[in-house]
> 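Got a structure for you, questions after.
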Protein chains: 2
Amino acid sequence: MNDAAKREDFPVEAERWLRASGLADELGFIVSRVRSEIMIPIEETMEGHGLKRHAYAVLALACTELGPTQRELASIVRLDPSRLVSVLDDLESEGLVARRQDPLDRRSRRIQATDEGRVVRAQAAEAVGATIDELLHVFTSGERRSLVDLLQRLAFCGDKG
Amino acid sequence: MNDAAKREDFPVEAERWLRASGLADELGFIVSRVRSEIMIPIEETMEGHGLKRHAYAVLALACTELGPTQRELASIVRLDPSRLVSVLDDLESEGLVARRQDPLDRRSRRIQATDEGRVVRAQAAEAVGATIDELLHVFTSGERRSLVDLLQRLAFCGDKG
DNA sequence: TATTGTTATACTCTATAACTATA
DNA sequence: TATAGTTATAGAGTATAACAATA
């Protein structure tokens with residue numbers, strides 16, 4: 001689950017090495033570190049609601065009006081279509097999601113959240129939001145906004161056209 | 001290597017689903033997406049210099065004056081000590097790094113880059129820097145500075161004490 | 001013929017426990 | 001007794017190819 005090496009072992013020395021090596025200023029390293037720092041507590045929260053990382057995202061997308069196709073889901077979540085199968089199997093067996101054959105193209109199935117799925121989604125989202133608020137307590141609300149804004153531009157700049 | 005599902009398949013629809021589901025505004029999802037967006041080209045660049053993600057970071061740290069202990073390395077890179085072994089085996093067999101027994105504690109070994117290792121480190125760092133510059137071309141230099149600043153505070157806030 | 005969902009499978013990554021040598 | 005590095009191994013995560021149903 002977590003990345004083995006304890007985070008508290010060499011806190012001060014770690015910072016020294018990171019500065020001396022130059023890694024502390026490299027965006028790739030920084031972003032990777034940020035991701036693991038925030039995803040560890042976030043995934044813990046998700047699992048408190050019975051959801052793993054991928055299931056959380058899939059359930060969220062299944063709560064939209066039409067519900068995406070499995071193919072679309074896989075593309076959006078950056079998950080191999082074959083791996084999505086087991087994620088959906090789990091969600092379906094827990095009654096949070098249903099596969100509906102698309103009448104317009106009977107090959108594809110649209111994934112829609114059940115009523116219970118929507119409840120779980122709402123509860124999990126609220127808990128995750130609280131966890132994020134904790135993580136961001138060092139920032140002013142202005143800083144939070146610009147952080148999210150900058151990251152969104154970086155995250156979705158390939159999705160415009 | 002890459003996360004299977006093609007990124008170009010449903011670009012516009014993807015954005016619609018992400019907005020409708022609320023995922024596009026959740027920091028956890030955004031950061032994960034940012035990481036994969038930037039790490040795919042960065043890792044490609046690294047591999048162009050014969051280095052995988054972990055090897056790149058380890059080599060960078062080995063280029064510092066004293067060179068960290070394997071234990072310290074593992075902690076800094078958030079890698080299990082047992083996994084670090086094979087990373088070091090590779091780097092050592094390529095002549096980029098050497099394990100030196102620490103005279104003060106003969107149990108531990110300090111990892112130091114060889115002259116060739118330093119050359120490779122410098123070349124790889126420059127190439128990675130160029131890749132990052134490309135990725136950030138949508139941002140002004142002021143935006144880049146605040147992006148890096150905000151992310152650093154989030155990445156290293158646990159390493160202060 | 002091409003595409004959707006699925007299965008099977010192989011491959012990589014990661015975590016755990018046991019071993020050795022030093023302390 | 002405890003710690004640093006190593007090894008072996010099992011488990012999770014991921015990628016690839018092949019198959020049935022539909023287009």
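Note on naming: letters A, B, ... go to the chains in the order of the sequence lines (proteins, then strands), and numbering restarts at 1 for each one. Quick caveat, the model's predicted, so the values are computed rather than measured.
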> Considering only side-chain heavy atoms of A:Thr69, which listed nucleotide, C:dT6, C:dG5, D:dT16, is closest?
C:dG5

> Below 4.0 angstrom from OP1 or OP2 of C:dT4, is there any side-chain N or O of A:Arg71?
yes

> Expressed in angstrom and rounded to an integer, what is the separation of A:Arg83 atom CZ from C:dC11 atom P?
18 Å

> Do the side-chain N or O atoms of B:Gln70 get closer than 4.0 angstrom to the phosphate oxygens (OP1, OP2) of D:dT6?
yes

> Is it the case that the base of C:dT22 and the side chain of B:Arg106 share a donor-acceptor contact (distance under 3.5 Å, atom types as modelled)?
no

> Have B:Gln112 and B:Arg100 got a donor and an acceptor in their side chains that come within less than 3.5 Å?
yes

> Separation of A:Arg107 atom CZ from D:dC19 atom C1', in whole Å?
15 Å

> Rounded to the Å, how far apart are A:Arg109 CZ and D:dA23 C1'?
15 Å

> Reckon B:His54 has a side-chain N or O less than 4.0 Å from the OP1 or OP2 of C:dC13?
no

> Do the non-hydrogen side-chain atoms of A:Leu79 and A:Leu73 ever get within less than 4.5 Å of each other?
no

> Taking salt bridge (charged side-chain N to carboxylate O under 4.0 Å, His left out) as the definition, give me every residue that meets it alongside B:Asp25, ordered by chain and number, with sequence neighbours left out.
none

> Grab the CD-P distance between A:Glu43 and D:dG13 for me, whole Å please.
9 Å

> Below 3.5 Å, does any donor atom in the side chain of A:Ser82 face an acceptor in the base of D:dT16, or the other way round?
yes

> Tell me the interatomic distance from A:Gln101, atom CD, to D:dA21, atom C1', rounded to whole angstroms.
9 Å

> Scan the side chains in residues 123-131 of chain A for donor-acceptor partners under 3.5 Å anywhere in the protein, sequence neighbours excluded, and list what turns up.
from	atom 1	to	atom 2	distance (Å)
A:Thr131	OG1	A:Thr45	OG1	2.7
A:Thr131	OG1	A:Ala127	O	3.1

> Using the side-chain heavy atoms of B:Lys52, tell me which of these nucleotides is nearest: C:dC13, D:dT7, C:dG5.
C:dC13

> For A:Ile40 and C:dT14, what is the distance between atoms CD1 and P respectively, to the nearest whole Å?
13 Å

> For the side chain of A:Pro81, starting at C-beta, report the closest nucleotide among D:dA4, C:dT6, C:dT4.
C:dT6

> Measure the distance from CG on B:Asp102 to C1' on C:dA23 and round it to the nearest whole Å.
13 Å

> Taking for each residue the nucleotide of DNA chain D with the nearest heavy atom, is it A:Asp105 or B:Arg99 whose nucleotide lies nearer the 5' end?
B:Arg99

> Can you tell me the distance, in whole Å, between the CG atom of B:Leu73 and the P atom of D:dA4?
13 Å

> Flag this pair as yes if the NZ/CZ of A:Arg19 is under 6.0 angstrom from the six-membered ring centre of B:Phe156 and inside a 45 degree cone about the axis; otherwise no.
no

